[in-house]
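Note on naming: letters A, B, ... go to the chains in the order of the sequence lines (proteins, then strands), and numbering restarts at 1 for each one.
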Amino acid sequence: MSTSAALADAARAAARAEGRETFVLNLGPQHPATHGVLRLKLTMDGEYIARAEPVCGYIHRMHEKMGENRTWAQFLPNTSRIDYLSAMHYTHAYVAAVERAAQLEVPRRAEFVRVITSELNRISSHLVWFGAFLLDLGGFTPLLYAFDDREKILDLLERITGARLTYCYYRFGGLYNDVDAEFLRGARDFVRYLRPRLDMYRELVTENIIFRKRLEGIGVADAELCRRYGATGPVLRGAGVAYDVRRAEPYAVYPELDFKIPTHPRGDSLARYLVRMEEMEQSLRIIEQALDLIPEGPFRSKVPKVLKLPPGDTCFAVEAARGRFMVRIVSDGRDIPYRVKLRTPSFSNLSLFEEASRGMLLADALAFLGSLDLVIPDIDR
Amino acid sequence: MKTPLRELWTGFRSLLTGMRVTLTQFFKPPVTVPYPYATLPIPERYRGHIELVRDPETGMSLCVACKSCEKACPSGCIVVEGIKREGDKKKSPTVFTVDFTRCSLCGSCVEVCPTEALRFSRRYNLAGTDREAYFLDLLKRLQAQAASTPTPATKA
Ligand code: SF4
Ligand code: SF4
């Protein structure tokens, strides 16, 4: 036996004698509660977590590298596959970054359609989270209700984009194709449909005593912790900070629309839950206003067939369903990107888990993990 | 003493709410469709795998084998070869295959085609036991479609 192994054995024996023996528990990469191939290496002290080490990379697909060997337009399909639940926002950030670099005009109608579809996408993303989160907590029924509602959004978006998840709907200088009156009517009907459903969820889930007791005070991530790890989106707003890219760095037609940034000061899992539920209501408000304001007109401006960006460095951030998503593109003047950097929110939101989960019960940590709303391909990208 | 009582009341109310929601749902029509006995309509713009469009007059493909789609495809899954046949003004394709296993259904090929010779099929229930089933020969598919729905020209 080597000396290091002997030392480790001795250390373990000492720990056992003192009653602070730990063991390693693997959570994932195939575990229903991690919602994807995330692996958590948990060092457990009985039922309590001594250390949780996230192991990423199981679904790494080199999106950034792929950007470097295809034309600007050919990267578009990738943007809807990074965070597959919030595809519209990701495409939005990328096309807007290219538009900023190439100084392309976007018609007003297209900007409104982008806002409407993005907000619909945000609601559908939150609905998936809502259902899956409750599933983690042991409530099966809300998932079915949430998916029923989400189905309506998918049907709407499928009618205009042709896809149900990987929309790839925005183009440089506009949209892939125009929306029709039936879509606009459908969107309005959906707003009217979802409002009472959200009330039902409030009664059924938010006010449920088991649910509240399960989440109150669990997984506290305060503003300082969020700041250190760069957490954004509902995680940061659940810690009481009213940071929303749509207001902090306004883009599209968001400055013209009236909506609130929901915040909750407590920073626990329940606060994050409440923020997302309120966000859905705010998204409905945004959709309603955008539907009132949407003008007629072209949906796409003229864009050169072979797009070459001037040399330079451009960033663009959007508020995706999980937080701040930023694209940085570097061009050296060719028709192929020199660098595409993706700043994804789930990665930062996961990073704080290690520190915040120390000393938590395993079952509580799973509730905490669910409340962070992680999408694993978004972490690994 | 007060708090446990209030909790008991809230818990009881939560229970009743749950039962009420379930009971109302019980009398609503089902939201699911018993596939495969019934199917949902596939929307007009549905992006299935690509297929060639027939010229309504000649019944031939509109493709002029310019290879724009081959170049535009981010995944490199299209292969087009074409020749200029005797007496024709334009080239016509002799080979047109798509490796559907690599296609991301992005639509770049459809958008870039100068003659609008490509469109999305609305085939969605794809399942197969081998990889070869997804190496699609679009010219063959076009011929099969022509055989089943003849245009005025092919009928004559
Ligand atoms: S849809 Fe996209 S990936 Fe598929 S064949 Fe066309 S260009 Fe290639
Ligand atoms: S772009 Fe159109 S015309 Fe050109 S090869 Fe492809 S299908 Fe044929």
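Looking only at distances, no side-chain donor or acceptor of B/R45 sits under 3.5 Å from a matching main-chain atom of A/N177. A distance-only check finds no donor-acceptor pair linking the side chain of A/R159 to the backbone of B/E44 [under 3.5 Å]. At least one donor-acceptor pair closer than 3.5 Å links the side chain of B/S14 to the backbone N or O of A/I209.
Heavy-atom distances place both the backbone and the side chain of A/N208 under 4.5 Å from chain B. Contacts of A/I210 with chain B are absent, with no heavy-atom separation under 4.5 Å from either backbone or side chain. At a 4.5 Å heavy-atom cutoff, A/F211 makes no contact with chain B through either its backbone or its side chain. Residue contact with chain A, scored on non-hydrogen atoms closer than 4.5 Å, involves the side chain of B/V31 exclusively. If you measure heavy-atom distances from A/F75 to chain B, you find no contacts under 4.5 Å at all. Of the two parts of A/R212, neither the backbone nor the side chain holds a non-hydrogen atom closer than 4.5 Å to a non-hydrogen atom of chain B.
The shortest distance between side-chain heavy atoms of B/Y46 and A/R164 does not fall below 4.5 Å.
Nearest heavy-atom pair across A/R171 and B/C106 is NH2-O, 3.8 Å.
For residues 71-80 of chain B, heavy-atom neighbours of chain A at less than 4.5 Å comprise B/K71, B/A72, B/C73, B/P74, sorted by residue number. Residues from residues 109-123 of chain B that place a non-hydrogen atom less than 4.5 Å from a non-hydrogen atom of chain A comprise B/E111, B/F120, given in numerical order.
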